[in-house]
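Report on the structure given below.
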Protein chains: 2
Amino acid sequence: MIRVFIVDDHPVVIEGIHSLLQHEKDIEWVGHAMNAQSCLGYFVHNTADIILMDINLPDMNGVDLCAVIKEKYPGVFVLGLSTSNQGLYIKKMMENGASGYILKNSSREDVLKAIHAVADGCIYFSGEVGEALKQYQKSAPVALPAISRREREVLGLIAEGYTNPEIAEKLFVSQFTVDSHRKNLIAKLNVKNTAMLIRFAVEHKLV
Amino acid sequence: MIRVFIVDDHPVVIEGIHSLLQHEKDIEWVGHAMNAQSCLGYFVHNTADIILMDINLPDMNGVDLCAVIKEKYPGVFVLGLSTSNQGLYIKKMMENGASGYILKNSSREDVLKAIHAVADGCIYFSGEVGEALKQYQKSAPVALPAISRREREVLGLIAEGYTNPEIAEKLFVSQFTVDSHRKNLIAKLNVKNTAMLIRFAVEHKLV
DNA sequence: GCAAAAATCCCTCTTTCCGGTGATTTTGCG
DNA sequence: CGCAAAATCACCGGAAAGAGGGATTTTTGC
């Protein structure tokens with residue numbers, strides 16, 4: 001018996017999912033909340049196996065709520081639920097411990113599959129969500145300015161905290177050279193300073 | 001009818017999966033390869049819906065093979081397959097376009113569930129893999145020195161390329177204050193300078 | 001209410017960064 | 001070979017960061 005709880009500020013969605021699940025023999029509907037606070041309130045004295053969680057809530061966004069839930073009750077699985085198919089939020093929610101993601105307009109089969117997979121400890125994304133996620137993950141490799149081998153080498157050393165003079169010594173070149181590479185990197189990658197350079201590099205897996 | 005191809009250098013695994021799938025009515029076994037080259041050779045004149053792909057191959061690792069396949073044949077879904085339950089490789093394989101991951105010692109049900117989910121365009125991880133992936137993703141939050149709210153705020157602005165004076169203006173405080181926060185961050189996180197600070201922050205998802 | 005933690009502010013000095021503007025030498029490739 | 005890109009080196013000057021001292025005032029947690 002899988003106990004399901006839902007958090008969503010749209011009554012229509014709650015009703016929809018409820019009617020979709022109410023005839024399932026292995027699924028028990030334990031309750032719902034329309035905001036993060038009452039959801040957390042419920043879990044003080046009750047529990048569930050799976051929370052279907054909207055990403056847009058009036059008092060707290062789903063990403064943060066997910067983090068709080070997984071922090072307090074690691075055994076409760078969170079299944080993201082949204083109309084908007086946005087890779088960024090999905091990714092963040094997964095990083096905060098969610099077990100999957102489906103769209104509100106998913107088919108009955110999709111919803112049931114997702115619930116069962118998640119209840120088994122698996123991770124599940126419905127098809128369209130998977131597409132969005134892949135697209136988001138692939139945003140990096142496209143249109144990256146060409147960075148030369150030496151520049152990448154310098155970039156790596158900068159990321160490790162070495163200064164221009166230190167890098168110059170390591171590479172047996174003048175510090176002017178290293179400085180040139182650094183400036184070229186900043187120009188090529190269209191960033192303002194070293195901080196942004198490193199952020200860009202790490203996010204795009206250049207280091 | 002789901003056409004399944006498998007790449008694995010262990011005959012035992014190929015046989016195992018084969019016998020596991022051969023009585024499934026909606027699954028067609030279209031062939032197998034024991035290394036990356038012959039797998040790529042197969043796809044020159046043939047195709048499949050799903051490739052079950054080992055992560056350890058003699059001539060090329062699964063992560064790279066996955067990238068090549070998805071590059072040449074984006075419509076073919078790759079389902080990772082391994083004995084080793086290593087978060088890092090799983091993550092890399094997913095970044096290269098895989099649609100899921102299962103362990104070789106997964107149950108018959110798990111394998112079939114995964115194949116069907118992936119064939120539907122969904123993303124699927126078997127339970128143990130999900131655990132490993134979460135564990136890997138969660139490697140960050142452990143043993144992180146306590147960073148105050150204000151420090152995190154400053155950290156975010158540094159990562160966006162703002163200088164101390166700029167941040168001071170944004171937050172309506174003195175630049176000395178911002179400088180203090182920056183220094184405290186560098187001290188707390190035990191890094192040498194801003195470059196390392198940002199690298200650490202991005203890698204540990206503080207920004 | 002009290003102590004600890006956080007947030008705020010201030011100063012000096014040295015080093016590093018960053019922008020701009022050059023140049024020469026080496027290397028990769030058709 | 002010859003061209004283009006990469007890699008190298010050089011200087012200036014202002015801005016910012018980093019190391020080292022302090023200090024005070026709010027919050028916040030018991």
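Chain identifiers are assigned alphabetically (A, B, ...) following the order of the sequence lines, protein sequences preceding nucleic acid strands; residue numbering begins at 1 within each chain. All values below come from the heavy atoms of this structure, side chains included, with hydrogens, waters and symmetry mates left out.
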Can you tell me the distance, in whole Å, between the NE2 atom of A/H181 and the C1' atom of D/dT8?
7 Å
Using salt bridge (Lys or Arg N to Asp or Glu O under 4.0 Å) as the criterion, list what pairs up with A/K104, not counting sequence neighbours.
A/D8, A/D54
In whole angstrom, give the distance that lies between atom CE of A/M196 and atom C1' of D/dA17.
18 Å
Results of salt bridge (Lys or Arg N to Asp or Glu O under 4.0 Å) for A/E153 - residues two or more places apart only:
A/R150
Side chains of A/C122 and B/F125, heavy atoms from C-beta outward: is any pair under 4.5 Å?
no
A/E160 meets the salt bridge (Lys or Arg N to Asp or Glu O under 4.0 Å) criterion, sequence neighbours left out, with none
Tell me every residue that passes salt bridge (Lys or Arg N to Asp or Glu O under 4.0 Å) with A/E166, counting only those two or more places apart in sequence or in another chain.
B/K192
Filtered N/O pairs between nucleotides 22-28 of chain C and protein, under 3.5 Å:
none

To the nearest angstrom, how far is B/K170 atom NZ from C/dT8 atom P?
16 Å
Tell me what B/S174 touches on the nucleic acid: a base, only sugar-phosphate, or nothing, going by heavy atoms under 4.0 Å.
sugar-phosphate
Output all residues satisfying side chain to side chain donor-acceptor pair (under 3.5 Å) with A/N164, sequence neighbours left out; order by chain, then residue number.
A/D179, A/R182
Determine which pairs satisfy salt bridge (charged side-chain N to carboxylate O under 4.0 Å, His left out) with at least one residue from residues 32-52 of chain B, sequence neighbours left out, and list them in order.
B/R3-B/D49
Could you work out, with side chain to side chain donor-acceptor pair (under 3.5 Å) as the rule, every residue matching A/S38, not counting sequence neighbours?
A/N35
For nucleotides 13-20 of chain C, give me every protein contact, N/O to N/O, under 3.5 Å, one pair per line with atom names.
unit_1, atom_1, unit_2, atom_2, d
C/dC17, OP1, A/R182, NH1, 3.2
C/dC17, OP1, A/R182, NH2, 3.0
C/dC17, OP2, A/N164, N, 3.1
C/dC17, OP2, A/N164, ND2, 3.0
C/dC18, OP1, A/T194, N, 2.9
C/dC18, OP1, A/T194, OG1, 3.4
C/dC18, OP2, A/R182, NE, 3.3
C/dC18, OP2, A/T194, OG1, 2.4
C/dG19, OP1, A/K192, O, 3.3
C/dG19, N7, A/K183, NZ, 2.9
C/dG19, O6, A/K183, NZ, 2.8
C/dG20, O6, A/K183, NZ, 2.9

Proximity to the side chain of A/F176 - top-ranked nucleotide from D/dC11, D/dT8, C/dT8
D/dC11
In whole angstroms, the gap separating P of D/dT8 from CG of A/L185 amounts to 13 Å
In which ranges does DNA chain C form stems of 3 or more consecutive Watson-Crick or G-U pairs, distances under 3.5 Å?
C:1-30 with D:1-30
Kindly state each residue pair satisfying ring pair (Phe, Tyr, Trp, His ring centres under 6.0 Å) with at least one member in residues 40-72 of chain B, sequence neighbours excluded.
B/F5-B/Y42, B/F5-B/F43, B/F43-B/Y73
Of all residues at least two apart in sequence or in a different chain, which pass the side chain to side chain donor-acceptor pair (under 3.5 Å) check with A/H116?
A/D26
